[in-house]
Amino acid sequence: MNRNVRTLVVGAGFAGSVVARELADTGHQVRVIDKRPHIAGNAYDELDAHGVLVHRYGPHIFHTNGDRIFEYLSRFTEWLPYEHRVLGVVEGKHYPFPINQDTLNQLYGLQLDDSGAEAFFERVREPREPVLTSEDVVLNSVGRDLYEKFFLNYTRKQWGLDPSELKAGVAARIPVRTNTDDRYFTDTFQAMPKHGYTRMFEAMLDHPNISVELGVDFDDIRDTLEVAHVVYTGPIDAYFRYCFGHLPYRSLRFEHEHLPDVKQYQKVGTVNYPNDHAYTRITEFKHLTGQEHAGTSIVREYPQAEGDPYYPIPRAENEALFKRYEELAKNEPGVTFVGRLAQYRYYNMDQVVGAALAAAKRLIG
Ligand code: FAD
Ligand code: UDP
């Protein structure tokens, strides 16, 4: 790549910001645009009207096993150790989730130890071969009763689909444990950016070779561009003007609420409601951020079909459609596609950072 000619990065989320910084650090001039009025993509956080740090687009908890990725981001932030815990509400009672030994004991009035829990799962599981769908994954590991109590309705609500219509990888995100570990994640690094995600992104984009323009839609400038290269992190079907039709993405409506004079609303960061309500879960931000405040702020997530694209929907037919767009992408000169929307992958933040570092390396050559 010629260093003197600018690269345009579309999207100031993890994918775009990491690539921009890598290019800038190697002497390239980079122009970053985002159609939203802020940086940080879906990881954007801000103080709400009451001074509580909240995540506008739903709870973002950083976790990774990648030393390199953690080290990379540590250039731009200090961290606050945080291990996320979740409770699932079934018939009005709160149980540890992911399902572990305590979940079984509390739910069924048992006193199982590790090997007892293992034997329990062995007894109730419905072996499936091969394991192709999310229904297969759960029935194969914990059997029908736990499937119906914790997974079936949550999944229908979240995706508008039955678990049998989703690839195995969706439910496989959730482990099943025979011990009493009640953490949502077991990654080596689990921490939140000490001053929030937005501040971390500000540091990442703070470079003399980077200019950032917000409220600029790629669609409005694409026909007048004079740049050496484009790094595109928006939805891939939008880039190709939906020529093969729309790729399905699942959306959410976030209902934020501040509760004055409530020091703590719930015991843990997130409470899941598989069977009740139109929302899937409630998250209380102070657990995640460690912030002290006289009141508290929470968010409820209501899944919906229309709206901003938040989740690619992992099913065979969608992936087949994505492959058609990917073929076009491979032959699109001077454009790199990277990120959760551009690669149509159910990526966590750390995976996007990894993909962006790899893309930048290829670009820099
Ligand atoms: P995005 O963050 O979506 O950034 C893409 C950017 O491109 C956006 O800002 C968008 O405005 C911009 N853009 C798109 N089209 C255009 C255009 N035409 N012109 C200009 N700009 C454009 N991951 C975790 O690791 N842990 C979590 O706890 C976690 N929780 C999540 C909770 C929710 C509710 C959601 C939706 C996601 C969560 N994630 C979590 C995933 C995480 O948000 C993503 O992995 C990550 O933010 C993706 O980064 P990205 O840069 O690929 O995409
Ligand atoms: N899931 C479920 N019940 C729960 C939590 C998760 O059935 O209480 C299933 C559901 O299909 C969900 C998937 O597991 O979409 C992945 O959950 P995760 O918490 O990783 O979702 P995310 O945080 O990405 O929305």
Side-chain angles (χ1 to χ4, degrees), residues 8-19 32-44 55-64 84 86-90 95 97-99 134-135 137-138 146-147 149-159 161 163 166 169-175 184-185 187 190 192 197 201 213-222 232-236 238-239 249-252 254 269-275 280-281 283 288 299 301 303 308-314 337-343 345-353 355-356:
L8 176 73
V9 173
V10 180
F14 270 101
S17 300
V18 168
V19 174
V32 180
I33 60 164
D34 202 298
K35 63 181 179 186
R36 288 171 169 166
H38 59 73
I39 58 170
N42 286 338
Y44 178 68
H55 301 174
R56 188 185 286 184
Y57 306 100
H60 279 70
I61 297 116
F62 188 80
H63 57 101
T64 190
H84 194 49
V86 173
L87 295 170
V89 177
V90 172
Y95 298 97
F97 190 86
I99 295 168
S134 280
E135 181 189 63
V137 167
V138 183
L146 291 165
Y147 170 70
K149 285 187 161 74
F150 289 94
F151 288 91
L152 175 61
N153 297 322
Y154 187 105
T155 301
R156 283 185 174 155
K157 194 161 36 170
Q158 167 72 11
W159 301 96
L161 293 169
L166 285 163
V170 177
R173 289 168 63 86
I174 311 293
Y184 208 61
F185 309 110
D187 302 50
Q190 303 188 44
M192 300 291 286
Y197 288 97
F201 277 83
E213 291 163 58
L214 300 173
V216 177
D217 194 319
F218 177 65
D219 279 344
D220 297 336
I221 62 165
R222 63 188 296 171
Y232 182 84
T233 76
I236 190 167
Y239 180 92
Y249 294 89
R250 191 68 172 160
S251 192
L252 295 169
F254 301 102
T270 297
V271 176
N272 288 358
Y273 293 88
N275 308 311
T280 48
R281 56 188 180 187
T283 296
L288 279 54
V299 66
E301 294 172 55
D308 279 358
Y310 292 126
Y311 292 83
I313 305 179
F337 294 83
V338 61
R340 175 151 146 147
L341 303 170
Q343 295 180 271
R345 293 217 187 122
Y346 192 172
Y347 270 153
N348 292 326
M349 295 181 278
D350 63 321
Q351 295 170 305
V352 173
V353 173

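One-based numbering, in listed order, for ligands and for the atoms of each.
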Region of Q351 engaging ligand 1 - heavy atom pairs below 4.0 Å:
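Q351 to ligand 1: no contact under 4.0 Å from either part.
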Of all the non-hydrogen atoms in the protein, which one sits nearest to [atom], and at what distance?
{"atom": "atom 13 (C) of ligand 2", "value": "V170 O, 3.7 Å"}
{"atom": "atom 4 (O) of ligand 1", "value": "G13 CA, 3.8 Å"}
{"atom": "atom 20 (O) of ligand 2", "value": "R173 NE, 2.8 Å"}
{"atom": "atom 24 (O) of ligand 2", "value": "Y346 OH, 2.6 Å"}
{"atom": "atom 22 (C) of ligand 1", "value": "K35 CG, 3.8 Å"}
{"atom": "atom 18 (P) of ligand 2", "value": "Y184 OH, 3.7 Å"}
{"atom": "atom 25 (O) of ligand 2", "value": "Y311 OH, 2.5 Å"}
{"atom": "atom 1 (N) of ligand 2", "value": "Y154 CD2, 3.6 Å"}
{"atom": "atom 15 (O) of ligand 2", "value": "W159 NE1, 2.8 Å"}

Which option, [options], owns the non-hydrogen atom nearest [atom]?
{"atom": "atom 19 (N) of ligand 1", "options": "F185, F218, Y310", "value": "F218"}
{"atom": "atom 42 (C) of ligand 1", "options": "H60, E213, R222", "value": "H60"}
{"atom": "atom 34 (C) of ligand 1", "options": "Y184, Y232, Y57", "value": "Y57"}

Examine [X] against ligand 1 and note whether any of their N/O atoms are separated by less than 3.5 Å.
{"X": "G16", "result": "no"}
{"X": "I33", "result": "no"}
{"X": "D217", "result": "yes"}
{"X": "Y311", "result": "no"}
{"X": "E301", "result": "no"}
{"X": "Y347", "result": "yes"}
{"X": "G234", "result": "no"}
{"X": "R340", "result": "yes"}
{"X": "F254", "result": "no"}
{"X": "V10", "result": "no"}

Check this for me - ligand 2, F150, N or O atoms closer than 3.5 angstrom, yes or no?
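Yes, there is a polar N/O contact under 3.5 Å.
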Is there a nitrogen or oxygen of I174 sitting under 3.5 Å from a nitrogen or oxygen of ligand 2?
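It does not: no N or O of I174 is found under 3.5 Å from an N or O of ligand 2.
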What is the distance from atom OG1 of T280 to atom NZ of K157, rounded to the nearest 0.5 Å?
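Nearest 0.5 Å value for the OG1-NZ distance: 6.5 Å.
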When you check the side-chain N and O atoms of N348 and R173, is any donor under 3.5 Å from an acceptor?
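Present: a donor and an acceptor within the cut-off.
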Just wondering, do F254 and H55 contact through their side chains at under 4.5 Å, heavy atoms?
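Counting from C-beta outward, H55 and F254 never come under 4.5 Å.
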Between [X] and [Y], which heavy-atom pair has the shortest distance, and what is it?
{"X": "V32", "Y": "A12", "answer": "CG1-CB, 3.9 Å"}
{"X": "D34", "Y": "G13", "answer": "OD2-N, 4.3 Å"}
{"X": "V352", "Y": "A15", "answer": "CG1-N, 3.5 Å"}

Checking N275 side chain against V90 main chain: does a donor-acceptor pair fall under 3.5 Å?
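A pair under 3.5 Å: no.
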Short list, please: which atoms of ligand 2 are under 4.0 Å from a heavy atom of [X]?
{"X": "R281", "result": "19 (O), 22 (P), 23 (O), 25 (O)"}
{"X": "Q158", "result": "15 (O)"}
{"X": "N272", "result": "4 (C), 5 (C), 8 (O)"}
{"X": "F151", "result": "2 (C), 7 (O)"}
{"X": "T155", "result": "7 (O), 9 (C), 10 (C), 11 (O)"}

Does ligand 1 have any atom sitting under 4.0 Å from a heavy atom of V216?
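True for this residue.
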Establish, yes or no, whether the cationic atom of R36 lies under 6.0 Å from the six-membered ring centre of Y57 and within 45° of the ring axis.
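Satisfied, under 6.0 Å and within 45°.
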Aromatic plane relationship, Y239 with F218 - under 30° parallel, 30 to 60° tilted, over 60° perpendicular
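The arrangement is parallel - the two ring planes meet at less than 30°.
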